[in-house]
Colleague: 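Just dropping this structure here.
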Number of protein chains: 2
Amino acid sequence: MKILVVEDDRFHASFLQDVIGEALPEVSETLHVQDGLQGEAAARAGRFDAVVMDLQMARRNGIETARTIWHERPRTRILFWSNYSDEAYLRGVAEIVPTDCVYGYVLKTATRERLKLVLRAVLLDGQVMVDREMQRLRRRTASPRHVLNDSEYAVLLDLALGLQDRLIAERRGMSLRTVQNRLLTLYDKLGVSDEEPAVPGLNKRVRALSRAITTRILNVEVLETAQRDLEGWLGEQGR
Amino acid sequence: MKILVVEDDRFHASFLQDVIGEALPEVSETLHVQDGLQGEAAARAGRFDAVVMDLQMARRNGIETARTIWHERPRTRILFWSNYSDEAYLRGVAEIVPTDCVYGYVLKTATRERLKLVLRAVLLDGQVMVDREMQRLRRRTASPRHVLNDSEYAVLLDLALGLQDRLIAERRGMSLRTVQNRLLTLYDKLGVSDEEPAVPGLNKRVRALSRAITTRILNVEVLETAQRDLEGWLGEQGR
DNA sequence: ACAAATGGTGCGGGCTCCCGCAGTTTGGGT
DNA sequence: ACCCAAACTGCGGGAGCCCGCACCATTTGT
C-alpha cells in the first residue's frame, strides 16, 4: 500500500508520518510533498492508493487538489486533515466528491488514538468518516430552520462572488423572482433579517456575505475555488 | 525576564519554547497557555515582560487579546507569530498598537535562526520588526496605485460589515457623496472596475468585499473584531 | 380526496446604489 | 499672496435591489 502525504507544516507532517507508520503497518511506501501542486504531480506519477492531505496550503488548496486527483483516479481514498471545522470545507469537499468515492475528514485537534482509528477506517476499510466536531456544526446552528440546503448554498456562492440577481438566475436556470426568493430565505437563515429592525441601514446583500464568512459557512479557500468555477462558466458563456 | 506564550497548536508551542530557551538565556520563567482568553487572564495575573502569540486561535483571536493586554500594560512587548502573511493581520495589528509600543510580526515559515534573531530583537532590544514576507505584500500588490490608505481601509471595513452609505458617512463623519467617492476609488483599487466591462452584471459592493477577502486584505478575524467595534459604536449611538 | 404546505413565477413600488456634472474647500509649492 | 491639484460636497438620473401581493404547480398529511 502506497500513501501520499500532502502537508505544508513540517511539524504536522512529521507527526502524521509517525502516526501512519504506527497505525498502518501494511504501508509499504509513503511520499511527503509540501503543497497541492506537488501533490497533484505526485499523484499523477506514482500510483498511490491513498492520500492524506491538509486543506489550507499555499499554492493550491486541498479541495482543488482533491478534485483533480479524483478526476484522474477516482478510486483514490483521500483523508482530509484540517485545522478548522469550517462548514465551508465540509460543503466544499462534499461538492466535489464523485459518487462512491471514499474520503474522511479529521481535525488536527483530534487525539493521536483517534487519528489512528480514522486512518485505518478510511484508508484501509474504505469507510466514509467525518469528525464528530463537524457533525456538531449542523446542530450547533440550532434549528434546522437555519441550515442551508444545496440550492440556497449555490445561490449564496454566486452572491458571494458578486453576481447580481439576473446573472444568478441565468447561471442557475431560475427566474429572477425565484432567485430573489432564495435570497430572502438566505437573509432569514443567516440572521440578516433579524438584526435589520434593530439596526436600520444595512445592505443585506453584503451583510449576508459578511455573516456567512464570520459563521464559517464560507471561507477564503471555498471562495477561491468558486471563483475559478465561475470563470470557467463565463468562458463557456462567452462564445 | 518572564515570557508568556499564547499558542493553541501543541507542536508549534513546544518548538517555540525550545527556541526561546535557546535564544534567550536571560528568561527566568515562561508560561504557556492555549488561547486568547487564557492569555488575557495570565497577562493580568503574572506580570510578564513579553508575550509571544499566535494570531488565529479558537476562543479569542490574537488581535483582540493584544488590545486588552496593551490596554492594561502598555509596556508589554508582543511578538505575533502567525501562519499567514495576510495584509489584514498587519493592518489589524497596526490599528491597535498604542504609541511607542514594541511589537513584532514573524511568520511560522521563518527559519529557526530567523526566529531566534527576531525574538532577541523584539523582546530584548525593544525593536519593532515585521517579517520581510509581509513587507513584500505592499509591493506585490504592484503599483502604489493599488495600496489602500487608512481612510479607504476604514470605509472598506464598514462596507464589509454591511453598512450602507448613509451609515458609513455617519460613522466616519463624512458626507454621503464623499463616502461614495471613497467607494469608487476602492472599486478601482480592488480591481472591481476593471473586470466590470468584461463581465457586466456584477454587484460592485459585494464584489469588492469578495476581492478584499480573496486577496487577503481582509480576513475572518479582522472582520470579527471590526464587528465588535461596530457593535460598540452602535451602543453609544443608541442612547 | 381535499386541504395545507412548499417552491416557482410575474408585477410594481419604494428605496439604495453608482456615477457624471459641477461647485467649494483644503493643502502644498513657489 | 498666488496657483494648482487633490479632496470634499450637492444634485439628479438610470439601474439594481428588496419585498408585498397575487397566481400556479407539485408534494404532503390525515
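Numbers restart at 1 for each chain; the letters A, B, ... are given by sequence-line order, proteins then strands. Both backbone and side-chain heavy atoms feed into the values below; hydrogens, waters and symmetry mates do not. The structure presented is a predicted model; accordingly, all values stated were derived computationally and were not measured.
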Colleague: D/dC17 phosphate, OP1 or OP2: any side-chain N/O from B/N203 under 4.0 angstrom?
Modeller: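 Yes, B/N203 has a side-chain N/O under 4.0 Å of OP1/OP2 on D/dC17.
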Colleague: Nearest whole angstrom, please: distance from the P of D/dC17 to the CG of A/L202.
Modeller: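 Going from A/L202 (CG) to D/dC17 (P), I get 18 Å.
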Colleague: Return the value, rounded to whole Å, for the distance between atom CG of A/L209 and atom P of D/dC17.
Modeller: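 For the pair A/L209 CG and D/dC17 P, the rounded distance is 15 Å.
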Colleague: Examine D/dC19: is either OP1 or OP2 under 4.0 Å from a nitrogen or oxygen in the side chain of A/K204? Give yes or no.
Modeller: yes
Colleague: D/dC8, OP1 or OP2 - any side-chain N/O from B/R182 closer than 4.0 Å?
Modeller: yes
Colleague: Mind calculating the distance between OH (A/Y187) and P (D/dG20) to the nearest angstrom?
Modeller: 13 Å
Colleague: To the nearest Å, how far apart are B/N181 CG and C/dG23 P?
Modeller: 17 Å
Colleague: Kindly point out which of C/dC19, D/dT9, D/dG16 is positioned nearest to the side chain of A/R166?
Modeller: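 For A/R166, the side-chain atoms sit closest to D/dG16.
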Colleague: Roughly, in whole Å, what's the span from CG in A/D150 to P in C/dG7?
Modeller: 13 Å
Colleague: Any side-chain heavy atom of A/K189 sitting closer than 4.5 Å to one from A/I217?
Modeller: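 A/K189 does not reach A/I217 side chain to side chain.
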Colleague: On a heavy-atom basis, which atom in B/Q164 and which in A/L202 lie closest, and how many Å separate them?
Modeller: NE2-O, 3.5 Å
Colleague: Would a 4.5 Å heavy-atom cut-off, applied to side chains only, mark A/R182 and A/R172 as touching?
Modeller: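 A side-chain contact under 4.5 Å is absent here.
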Colleague: Given D/dT9, D/dC19, C/dC19, which nucleotide is nearest the side-chain atoms of B/M174?
Modeller: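 Out of D/dT9, D/dC19, C/dC19, the nucleotide with an atom closest to B/M174's side chain is D/dT9.
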Colleague: Taking atom P of D/dC19 as reference, at what distance in whole Å does atom CG of A/D188 sit?
Modeller: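 Spelled out: CG on A/D188 to P on D/dC19 is 9 Å.
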Colleague: Between C1' on D/dG13 and CG on B/L176, what's the gap in Å once rounded to a whole number?
Modeller: 15 Å
Colleague: Respond yes when some side-chain nitrogen or oxygen of A/T178 is under 4.0 Å from OP1 or OP2 of C/dT9, and no when none is.
Modeller: yes
Colleague: Within this structure, what is the CD1-CZ distance for the pair B/I69 and B/R44, rounded to the nearest 0.5 Å?
Modeller: 9.0 Å
Colleague: Regarding D/dG10, can its base be found pairing with the side chain of B/R177 as donor and acceptor, where the two atoms are less than 3.5 Å apart?
Modeller: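 A donor-acceptor contact between them is present.
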Colleague: Nearest whole angstrom, please: distance from the C1' of C/dC18 to the CG of B/L159.
Modeller: 13 Å
Colleague: So, for A/I96 and A/W70, which heavy atoms are closest and what is the spacing to 0.1 Å?
Modeller: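 Where A/I96 meets A/W70 most closely, the heavy atoms are O-CE3, 3.9 Å.
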Colleague: Please tell me which of B/Q180 and B/S175 maps to the more 5' nucleotide of DNA chain D, matching each residue to the nucleotide holding its nearest heavy atom.
Modeller: B/S175
Colleague: Has B/Q164 got a side-chain N or O lying under 4.0 Å from the OP1 or OP2 atom of C/dC17?
Modeller: yes
